[in-house]
Amino acid sequence: MPELPENEAQRLTLERECLNRTIQSVEPGDDVTHIELPGDNERARLVGHQFTETRRHGKNVFAGSKTGPWMTVHLGMSGWLIPFDAPDDPPDHTKLLITFEGDRLLAFRCPRKLGHVRVIDDPDEYIAAEKLGPDALTIGSEKFAETFGETRSAIKSALMKQDKMAGIGNLWSDELLFQVGLHPEERADELSQDCLYELHDTMRRILKKGVAVEADYSRLPDDWLIPNRKKSDECPRCGGTIISAKVGGRTAYFCDKHQTK
DNA sequence: TGCTATGTTCTCCT
DNA sequence: GAGGAGAACATAGC
């Protein structure tokens, strides 16, 4: 369920488990049709190098070093990075397998094949080339208010546009709007400045909490939407009912009582 | 069996 | 031309 907190948790996993180990091989896994993976030459570029640092921007995780190539991973809807030790078997649906010295392996698991792995030279150049907006945890309040204050679409759709701001997806946009008490179809450019600043503050607070619990939803507060994000559940805040609607082609969950237009 | 899904990208429309 | 809405993508899980 990879949005910003999930990707930050993945970055931490790489940081803890895979740094400073020489890469011995990078091999494709099973059934790798319809998924973008580095080709033979790109995989070969990684061999012999070590990952000495990690980064994250929005939903992209990077691992690399000052002198070598970088690997960037996008988890799509179902991707996950799983470190394990030989001779354990790789997880099901492993699409890329990196073997480090010391019998440590890293599997990129991606059952629905909507993620990708690329080998790049520089994360900053990559972020610019992909036209990603500022990261949701570092964007300033003024930039946030300026960006969304001039967007004509529904606030939920706008928050998920990665070129405006990177890191928020369907799940966390629902949580943010739930906590601020905004209907997901409210037009972004019709929100007051105060409301936009409140959105920014709340977004930072909930993302920090999500990162602190490493995206383990069972450790989120009971009165948040995510643990109650199911149609017909009772709203944990006001006793209303959680309902769903299609907004910008995706299913939004929200309270019918405290999130009205 | 059929529907839904937390991702991005492409096409069509305004 | 720019921005926005909706369909399409592949496949697991309910």
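Convention: sequence-line order gives letters A, B, ...; per-chain numbering from 1. The structure displayed is predicted, hence computed values, not measured ones. Hydrogens, waters and symmetry mates play no part in the numbers below; they use all other heavy atoms, side chains included.
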Does a distance-only test, which skips hydrogens and angles, find a donor-acceptor pair under 3.5 Å between the side chain of A:Arg250 and the base of B:dT8? yes
Of the residues in residues 28-36 of chain A, which ones touch DNA chain C at a heavy-atom distance under 4.0 Å? A:Asp31, A:His34
Nearest whole Å is fine: how far is C:dG1 P from A:Arg152 CZ? 17 Å
Is any side-chain nitrogen or oxygen of A:Thr251 closer than 4.0 Å to OP1 or OP2 of B:dA5? yes
Only distances under 3.5 Å count here; give the side-chain donor-acceptor pairs of residues 173-180 of chain A to other protein atoms, sequence neighbours excluded, each with its distance to 0.1 Å.
residue: A:Ser173; atom: OG; partner: A:Lys156; partner atom: NZ; Å: 2.8
residue: A:Ser173; atom: OG; partner: A:Gly169; partner atom: O; Å: 2.9
residue: A:Ser173; atom: OG; partner: A:Asn170; partner atom: O; Å: 2.9
residue: A:Asp174; atom: OD1; partner: A:Lys156; partner atom: NZ; Å: 2.7
residue: A:Asp174; atom: OD2; partner: A:Arg229; partner atom: NE; Å: 3.1
residue: A:Asp174; atom: OD2; partner: A:Arg229; partner atom: NH2; Å: 2.8
residue: A:Asp174; atom: OD2; partner: A:Tyr253; partner atom: N; Å: 2.9
residue: A:Glu175; atom: OE1; partner: A:Leu225; partner atom: N; Å: 3.0
residue: A:Glu175; atom: OE1; partner: A:Ile226; partner atom: N; Å: 2.7
residue: A:Glu175; atom: OE2; partner: A:Gln179; partner atom: NE2; Å: 2.9
residue: A:Glu175; atom: OE2; partner: A:Leu225; partner atom: N; Å: 3.0
residue: A:Gln179; atom: OE1; partner: A:Arg205; partner atom: NH1; Å: 3.3
residue: A:Gln179; atom: OE1; partner: A:Arg205; partner atom: NH2; Å: 3.0

Should the pair A:Glu8-A:Arg11 be classified as a salt bridge under the 4.0 Å nitrogen-to-oxygen rule? yes
Can you tell me the distance, in whole Å, between the CE atom of A:Met160 and the C1' atom of B:dT9? 14 Å
Does A:His57 have its ring centroid less than 6.0 Å away from the ring centroid of A:Phe62? no
Does B:dT6 have its OP1 or OP2 closer than 4.0 Å to a side-chain nitrogen or oxygen of A:Lys156? no
Between A:Asp92 (CG) and C:dT11 (P), how many Å, whole number? 15 Å
On the 0 to 90° scale, with breaks at 30° and 60°, tag the A:Trp224-A:Trp172 ring pair as parallel, tilted or perpendicular. perpendicular
A:Asp163 CG to C:dG3 P, in whole Å, measures 9 Å
Cluster link A:Leu37 to A:Val26, ILVMFWY, side chain under 4.5 Å: yes
Check: A:Arg187 side chain, C:dG4 base, donor-acceptor under 3.5 Å: no
Under-4.0 Å salt bridge between A:Arg152 and A:Asp189: no
For A:Asp85, does the CG atom have more than 12 heavy-atom neighbours from other residues, nucleotides or ligands under 6.0 Å away? yes
Listing for DNA chain B: consecutive Watson-Crick or G-U pair runs of at least 3, distance cutoff 3.5 Å, ranges ordered by first number, gives B:2-5 with C:11-14, B:7-14 with C:2-9
Using whole Å, what does the distance between atom P of nucleotide C:dA10 and atom CZ of A:Arg112 come to? 14 Å
Given B:dA5, B:dT8, C:dA12, identify the nucleotide with an atom nearest to the side chain of A:His74. B:dT8
Name the closest nucleotide to the A:Glu130 side chain, picking from B:dT6, B:dT9, B:dG7. B:dT9
Does one hydrophobic cluster hold both A:Met71 and A:Ile35, with members joined at side-chain heavy-atom distances below 4.5 Å? yes
Within 6.0 Å of CD in A:Glu142, more than 12 heavy atoms from elsewhere: no
Can you check the distance between C:dG1 and B:dT9, where both ends of the measurement are the P atom (answer in whole Å)? 22 Å
A:Tyr253 side chain N/O closer than 4.0 Å to the phosphate oxygens (OP1, OP2) of B:dA5? yes
